[in-house]
Amino acid sequence: MRALCWNGVNDLRVERVPDPTILGPQDAIIKVSLSSVCGSDLHLIGGYVPTMRAGDIIGHEFLGEVVEKGPEVTRLNRGDRVITVSIIGCGKCWHCQHEEFSLCDNSNPQPAFEEAAYGHCTAGIFGYSHAFGGYAGSHAEYIRVPFADTNCFRVPEGVTDEQAVFVSDAVPTGYMAADMGNIKPGDVVAVWGCGGVGQMAMKSAFLMGAERVIGIDRFPDRLRAAQMKAGAETLDYSRVDIYDALLAMTGGRGPDVCIDAVGMEADSGASAIEDLYDRGKQALRLENDRPAVLRQMIQCCRKGGTLSIVGVYGGLIDKFPMGAAMNKALTFRMGQQHGQRYVKRLFEHIEKDDLDPSYLLTHKWALDDAPQGYRMFKEKADDCMRVVFAP
Amino acid sequence: MTRGRDGGRRLEGSAGTLERWAAILGGTALGFAGARRGSWALAALGGGLFLAGAAGVPLSSPLRQAALPAMRREPTTTQANVTIAVPAEKLFRHWRNVRHLAALFPHLDAVEILSDTESRWKAHGPGGVPVVWNSRLDKVRENELITWHTLEGADLPHRGTVLFRPAPGGRGTEVSLTLAYHPPGGVGGNAVSRLFGTAPEQQAREALRRLKRIMEVGELPTIDGQPSGRAERGGSRSRMQEVTG
């Protein structure tokens, strides 16, 4: 089959590789029909995650058809149109039983990396480096899914392919960001980052009763989409001081809930001194994760408010304003998405037309054009929100 | 899953102080090196070493043992711990059937039951060197504890204990595996020592991880045999397109 392989920093190639086969009794093979790019892939492509190996197939947000299944797969049939949650749960460990699928004890076949770096290992993720299991990704004609009964979900008739594909990752991640904010009616929610996940967090915040949602970014097309599609008010951090603007918009209180949908490669947009500090450190490569958004959220959030973090961080950060966080009694919640917990609810929202993620798909290309697709996504050219590949 | 050596004993005296400073400084250097190379794992390891040094966690003995396996002749104790979401009875029954244990230790070839308390074990060392020992159960407390020791003439003399105790809040069962052994000397001893002596924590930890995965999900998750663009998998690697971003 053809697959998009990572061969080194910014070196992606479509290659001919063997077809996947059933390796465990709970596996299924999915014929991929749509597979989307994701912002977190950019960290892998850019070489920020050291456990990538040349030849790894990337991609983790996809929709397809079940073509083969292992003897212990009972809830799926050949021909089923399914999405697969990007983060793999075994379905049986204590965490999976408690719907914390991204904390699965068993789905990562290579736990040593994470145990060394993080103290414990978390779930395997498709096409997301060997620290997260080394599973082959979805930018391919076929993909093997372990523990298919737990991780694959049949797509309801009334939901289109273009809507469903994002239920793998972007929609549940945004939904979980809002869910972790514990939003109450009347709350003001600020979302840093107006990409796919940020947009979904905004829509979800409204579904959960937010009074106002404020989206923060600097790309005009994303700000426009946040306004037109997600119903948010918007702030361009390259033009206004975010702290001043947010306090002005909230009667000096600050947002009740602050959501980080940016992560480790944040643009600073901060004060001159802070910006200088971050850029200096970045130039010297003294710190990998740039915590500009985290610092800003801690500063802006109302006293006693909640920070919800779904932007991806990899390693260590410093100059973290713990004094502000502690004295303002902030709550921090974070994590990779527990998509399996939300899929059913999300399909219901889509069927009722509360939520339509299909607008995230701005470009649909052939798999053969995937390297250019990623370049476009990275450069955010042509108002690109997400490129989806159809093998 | 936790691992421990020396029962988590804290360092004492001037050697400990020196070691702590070495860990702190080494950890800092490693952290910066990792960050400079964009390697967060290395950076995190450096950070961990720094913290271990600052907290006085013993590091030099495992490091010394890793670096100089031949010099180590003292008995070694290693322990691994895991919580398995399965009742103690089920785990006890599984472990009590020693035939099941071959699946937990990949170097084991066969386990032969000689009597109610004795069994014969065959494993292979590097280069296929056969390693054989007889083992006898000491104490068996239903659903709680199994201890054993090897008999005279064993290639790998050791004592072992596996302990099962209920985890709080319905989390299943906490399992501890402790192994104490003298690394063997003599002919073939080095090979055996290399196999069993240099990474005992990892072996104990891996064994409990396999037990957990077998008991919880009924299979060992793997990526062996999946496709990639690497030639080693035997896949024809014809480049269809090359574009660099």
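This one's a predicted model, so the numbers in the text were calculated from it and none came from an experiment. A note on names: the letters A, B, ... follow the listed sequences, proteins ahead of strands, and every chain is numbered from 1. Reckoned from all heavy atoms, side chains included, excluding hydrogens, waters and symmetry mates.
Neither the backbone nor the side chain of H95(A) comes within contact range of chain B; no heavy atoms are under 4.5 Å apart. In this structure, no portion of Y374(A) lies under 4.5 Å from any heavy atom of chain B. The contact between F147(A) and chain B is made entirely by side chain atoms (from C-beta outward), counting heavy-atom distances below 4.5 Å. In this structure, chain B has a heavy atom under 4.5 Å from the side chain of Q110(A), while its backbone stays farther away. Contact of P20(A) with chain B is made through backbone and side chain together, with heavy-atom distances under 4.5 Å.
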Decide yes or no on side chain to side chain contact (heavy atoms under 4.5 Å, CB included) for D149(A) and L76(A), but give the supporting numbers first.
CA-CA 7 Å; D149(A) 278 342; L76(A) 299 171; 4.2 Å; yes
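Considering only heavy atoms from C-beta on, T178(B) stays 4.5 Å or farther from L163(B) through its side chain.
Separating the CD atom in E15(A) from the CH2 atom in W6(A) is a distance of 12.5 Å, to the nearest 0.5 Å.
Using a 3.5 Å distance cut-off with no hydrogens or angles, the side chains of T122(A) and E114(A) do pair a donor with an acceptor.
Your options are G137(A), P25(A), A3(A), and the one with the most heavy-atom pairs under 4.5 Å with chain B is P25(A). Highest contact tally toward chain B, considering only G134(A), C5(A), C90(A), G24(A), is held by G134(A) [criterion: heavy-atom pairs under 4.5 Å].
The aromatic ring centroids of H60(A) and F132(A) lie 6.0 Å or more from each other.
No salt bridge links R213(B) with D105(A); every basic N to acidic carboxylate O contact stays at or beyond 4.0 Å.
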